[in-house]
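Order of the sequence lines fixes the chain letters, A, B, ..., with proteins taken first and strands second; residue numbering starts at 1 for each chain. If you're wondering where the values come from, they're calculated on a predicted model, not measured in any experiment.
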Number of protein chains: 2
Amino acid sequence: MHEDMSPETRLLRSTEALIYAHGINATGMDAIVKASGVSRKSLYRLYPTKEALITAALSRRDDRWMRWLIDGTSEGGAIQRLRAIFPMLREWFASPDFHGCAFINAAGEIGDPGSDIRAVSQQHKRRLLEYLNGLCGACGFSDHEEVARQLLILIDGATAVAMVTGQAGAADSAGRIAERLLQTPSPSDE
Amino acid sequence: MHEDMSPETRLLRSTEALIYAHGINATGMDAIVKASGVSRKSLYRLYPTKEALITAALSRRDDRWMRWLIDGTSEGGAIQRLRAIFPMLREWFASPDFHGCAFINAAGEIGDPGSDIRAVSQQHKRRLLEYLNGLCGACGFSDHEEVARQLLILIDGATAVAMVTGQAGAADSAGRIAERLLQTPSPSDE
DNA sequence: TCTAGAATAGAATGATCATTCTCCATCAGT
DNA sequence: ACTGATGGAGAATGATCATTCTATTCTAGA
């Protein structure tokens, strides 16, 4: 299986899949060695500890996930791009191996706030917020930073609810909220 | 420490605190025995497996959390009660040992969909949704079930974002979104 | 073909895991 | 005081953990 990739790629791919499916602590190095086909020696030469490997795998997932989001929202103006996020989420939630946001799961599992794993999760949310912020700015919203924060909450909320309840329709509900935010960016009354 | 409580209460209390702080898999039975002051024999007599103990501890947390929410939103009419949720969340997020939603964390950590732990997490979200649904119904919204689902997404989204980023202000952003949902329950245009 | 270096499979290590067992102290009923 | 059961502390068990080591195979260069 996948012998045509470099050992490092095979390693990160397998690690990413295993920890997403079973969690970080429940995934042993043995399982990673077996799934990746990379020897223990090579593994520890590339990444000296399990934490370093997990960090690298999550960082790779950050890249892939952001590219998936950006590529899937590449048509139309900024508002259309923001709108396109929620149907994408719906498809993701309905995919058979969906298990929530890997970064929320990782941060929730790791207690130590100084862990590199927590730092990667924070960085992922920063990157996502930055992307949303750029689009909201292009929409001309005066309070675009606040709108971006609100969209982040909608995305992560829908993801968490879909993971726990199994209902992909959470993406639709979040999309309907987003629709309101995008229609009238500043509260009209009050 | 807390010798005046029953062994079962001490056990569940310590278990709840430990798994919330460090995760399920990273919490050993040894740590639970030491923290609770309950002997191994009594522990395994009350709960025959770790999973049973964790399930009971999470179920207790479900009760406590829901009571915390309901008691904190007991003043005024239904709309005021819904509004009161978000300031409560803000305080919770800012508390020193805040570590996200224990049920999202648990579901994210446990891979097996048939696990009892996942069932408790689902039940908690059902309970929370039911409470929101009751309040939304009392508000007279025609689409009160949808509004309740949307509020659930806001609550869980703010909780997840606050956990990963450490910013308690996520509760304020979610509260501002909720304000809009409560002001104009049905989309006026489209 | 011969050899040095690198990568492999997998055993060894020592810690920790959940769970069970052993031994001892406590205590109620007679 | 004696007995029988109960619960406690903590050792034993056997599995699994992350990490290191060993012994073997492969490969590149002369």
CZ-OG1 distance between A/R149 and B/T165, expressed to the nearest 0.5 angstrom:
10.5 Å
Step through the shown structure and confirm whether more than 12 heavy atoms of other residues, nucleotides or ligands are within 6.0 Å of CD on B/E91.
no
Fill in the dot-bracket string of DNA chain C, one character per base: . for unpaired, | for a pair to another strand, ( ) or [ ] for pairs within the strand, taking Watson-Crick or G-U pairs under 3.5 Å.
||||||||||||||||||||||||||||||
Starting at the 5' end of DNA chain D, which residue's closest nucleotide do you reach first, B/S42 or A/D30?
B/S42
Residues B/T55 and B/Y47: side-chain donor-acceptor under 3.5 angstrom
no
Looking only at the side chain of A/R40 (C-beta and beyond, no hydrogens), which of the listed nucleotides D/dA18, C/dG10, C/dT19 gets closest?
C/dG10
Give the rounded distance in Å between these two atoms: CG of B/L43 and C1' of C/dC21.
16 Å
A/E109-B/N105 side chain donor-acceptor pair, cut-off 3.5 Å:
no
Can you tell me if CD on A/E179 sees more than 12 non-hydrogen neighbours from other groups inside 6.0 Å?
yes
Side-chain donor or acceptor of A/K41 under 3.5 Å from a matching atom on the base of D/dT22?
yes
Heavy-atom neighbours of B/H99 NE2 exceed 12 at 6.0 Å
yes
What's the closest nucleotide to the A/Y44 side chain, out of D/dG8, D/dT19, C/dT19?
D/dT19
Separation of C/dA18 atom P from A/N25 atom CG, nearest Å, is 11 Å
